[in-house]
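All chains are named by letter (A, B, ...) in the order of the sequence lines, taking the proteins before the strands, and each is independently numbered beginning at 1. Just the heavy atoms: all of them, side chains too, but no hydrogens, waters or symmetry mates, feed the values below.
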2 protein chains.
Amino acid sequence: MASIYDIAKMAGVSVATVSRVINGEKYVAPETREKVQKILRETGFIPNANAKSLTKKKTNTMAVVVPDLTNPFFTEIIRGIEQQAAQRKMAVIIANTDEDLEHERLAIRSLMGRRVDALILASAARAGKEIRSSLRDDIPLVLLDRKPNGLEADLVRSDDRGGAEILVDYLFALGHRRIGFISGKAGISTAKNRLEGYVAALRGHGLEPEQELMAPGDFQRTGGREGILKLLALAQPPTAVIAANNIEAIGALEALREKKLDVPGDLSLVCFDDLELASQVYPFLTVAAQPVKTMGAVAAQLALERLAGQSSQRREVVMRMTLLERRSCRRV
Amino acid sequence: MASIYDIAKMAGVSVATVSRVINGEKYVAPETREKVQKILRETGFIPNANAKSLTKKKTNTMAVVVPDLTNPFFTEIIRGIEQQAAQRKMAVIIANTDEDLEHERLAIRSLMGRRVDALILASAARAGKEIRSSLRDDIPLVLLDRKPNGLEADLVRSDDRGGAEILVDYLFALGHRRIGFISGKAGISTAKNRLEGYVAALRGHGLEPEQELMAPGDFQRTGGREGILKLLALAQPPTAVIAANNIEAIGALEALREKKLDVPGDLSLVCFDDLELASQVYPFLTVAAQPVKTMGAVAAQLALERLAGQSSQRREVVMRMTLLERRSCRRV
DNA sequence: TTGTAGGCGTTATCAT
DNA sequence: ATGATAACGCCTACAA
């Protein structure tokens with residue numbers, strides 16, 4: 001509750017001087033500086049950053065909004081962002097939306113109200129218009145992993161189609177011909193691209209994609225569970241399944257275990273995105289992994305560059321996926 | 001960059017009226033309200049929350065500081081906090097310190113500067129004095145999981161000694177008599193309590209605790225790796241090992257795998273804290289788990305109650321741990 | 001019902 | 001080198 005006025009009074013100087021001392025500016029006599037710093041220390045004074053941002057018109061803060069904070073894919077990305085930000089002495093503030101559009105709107109509004117300097121967003125929205133009114137267009141926006149339709153901004157993502165191909169190719173090579181796909185959240189770019197990649201890859205191998213082999217999903221556990229059950233219920237179920245992300249794969253595994261079905265014994269299973277910790281405990285799930293930490297770092301850099309006023313046009317950086325072969329598939 | 005002044009001008013009213021409309025106050029004529037709201041919508045105006053906090057002297061924000069955002073233990077806790085906060089329309093802002101004291105100081109300072117209304121802290125500090133100067137003592141502080149020495153504040157933690165007993169009892173019942181322990185970060189209360197519980201439990205079974213069976217750790221992967229190696233190098237290595245948290249257990253598993261040692265074949269391994277996702281992929285590690293989501297919710301409630309001015313004295317809520325028996329141990 | 005003006009805690013511009 | 005003082009964007013008496 002103390003302000004620099006209180007400090008000024010105690011030190012017998014003006015607020016301007018206190019401000020100068022706090023910000024380490026020159027043009028303040030050594031003795032004065034000493035005197036003020038002493039009081040600053042004694043009182044444990046912490047300047048009000050909100051007031052400061054009012055006059056400075058910047059907050060030295062960069063915000064990250066992710067749809068699922070329990071997904072290691074996103075937490076690793078965040079670490080990449082934090083490292084970059086720390087180098088520029090910027091604070092990072094993180095918000096979680098639980099893959100819920102309304103949550104996301106609230107979070108973004110809140111952050112915009114706080115006047116963060118930049119926003120890195122992995123959106124739960126399908127279209128830009130769903131969130132545009134919550135956004136301010138005068139600060140750098142970097143889209144992460146997903147591109148809502150019609151929202152033009154810098155974008156850092158992975159080559160989802162390529163990743164799908166990698167997975168299909170792998171399964172095909174193992175002899176699988178009926179390959180199921182549990183899709184991601186409907187309307188999300190990442191989900192669409194992965195599905196398209198899957199379809200294209202099948203065709204590339206002379207296989208005709210079948211509608212019944214593509215189950216809907218939501219990038220969450222429930223989707224994985226329901227998806228796998230749907231596929232299993234088919235008259236002619238697949239011998240291998242691709243889940244559109246790691247969390248869905250976990251949901252699928254749960255359901256399979258409940259049905260006493262073995263992976264890869266009864267069914268081969270792969271997915272997009274690695275599970276950092278889990279794969280250390282038990283290197284089991286074969287996945288198409290993205291360079292997560294790097295993605296975060298790149299996203300942060302794009303944001304910072306725009307902040308610095310460099311760069312003009314929209315940029316899109318696409319990362320390559322890598323197949324991490326483990327033990328969740330078998331040859332048929 | 002627009003302010004309520006701009007809106008006021010466009011609407012042909014005063015700033016006071018605009019403010020009233022924005023905050024949904026009564027005493028503004030329906031037509032005026034309409035008129036202003038129209039402009040608000042058209043311009044996509046988002047009020048500056050920092051300016052607002054200046055006069056309101058509150059930010060409707062609650063901060064959470066955790067040492068490891070990649071640890072599901074903390075992310076689950078965060079979800080518990082978020083749910084409570086959302087109910088009271090409070091925003092949650094999350095900061096990660098990577099178990100580093102200096103990071104933590106910076107994070108806390110930054111949050112205090114932002115004048116968050118309350119702070120929930122899982123600290124990397126051993127003693128309160130290491131961070132006290134970064135703290136403001138006029139806002140509610142709730143300690144989570146760990147209690148820095150000499151820092152008096154509300155506390156939500158688990159019964160670490162009890163948890164250690166559960167694990168030792170379990171291993172003892174399986175016939176283990178040489179039980180190793182990889183400790184947590186030195187000086188952290190949680191680490192101390194778990195170690196003490198281990199020692200006490202051993203004694204309870206008539207076993208004399210041996211110094212060489214207790215390896216130092218850091219709650220991180222490295223600690224787990226080095227700890228397990230140290231224990232394995234003993235003239236008479238343990239037949240079972242307890243890791244002070246989940247992440248250390250993962251580090252230990254990595255090292256074991258590199259040495260081609262099998263769990264539980266060559267060694268039994270258990271730890272504190274569950275690995276939510278991993279345990280779904282492969283229910284392998286036997287653990288003493290805490291009711292994470294609840295812990296978060298309780299922490300948030302304590303903070304909110306204090307904010308509401310209720311409650312006076314310091315409170316400490318201790319949660320019970322539960323043994324989740326899986327397949328990482330064998331009978332000897 | 002609406003408007004005016006002062007204050008919230010900083011920084012920045014001028015003086016001195 | 002230091003100090004007054006006017007912003008910054010909002011809220012809140014108080015007046016009208």
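- Under the salt bridge (charged side-chain N to carboxylate O under 4.0 Å, His left out) criterion, B/Arg105 pairs with B/Glu102, not counting sequence neighbours.
- Side chains of B/Lys52 and B/Asn60: no donor on one and acceptor on the other come within 3.5 Å.
- A donor-acceptor pair under 3.5 Å is formed between the side chain of A/Asp6 and the backbone N or O of A/Ser3.
- B/Glu34 has its side chain within reach of B/Gln37: a pair of non-hydrogen atoms, C-beta onward, lies under 4.5 Å apart.
- Nucleic acid contact class of B/Thr32 (heavy atoms, under 4.0 Å, all strands): sugar-phosphate only.
- For the pair A/Ile7 CD1 and C/dT11 P, the interatomic distance rounds to 13 Å; values are reported in whole Å.
- Between B/Arg136 atom CZ and C/dG9 atom P there is a gap of 10 Å when expressed in whole angstrom units.
- Put simply, CG on B/Asp6 is 14 Å from C1' on D/dA7, counting in whole angstrom units.
- Counting to the nearest Å, the C1' atom of D/dT2 and the CZ atom of A/Arg33 are 13 Å from each other.
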Go along nucleotides 8-16 of chain D 5' to 3' and tag each nucleotide: B for a protein heavy atom under 4.0 Å from its base, S when only backbone or sugar atoms are that close, - otherwise. BBBSB----
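- The side chain of B/Ser14 contributes no N or O atom lying less than 4.0 Å from OP1 or OP2 of C/dT2.
- Distance CZ/B/Phe74 to CD1/B/Ile247: 9.0 Å, rounded to 0.5 Å.
- Remark: A/Glu76 CD to A/Gln290 CD distance equals 12.5 Å, nearest 0.5 Å.
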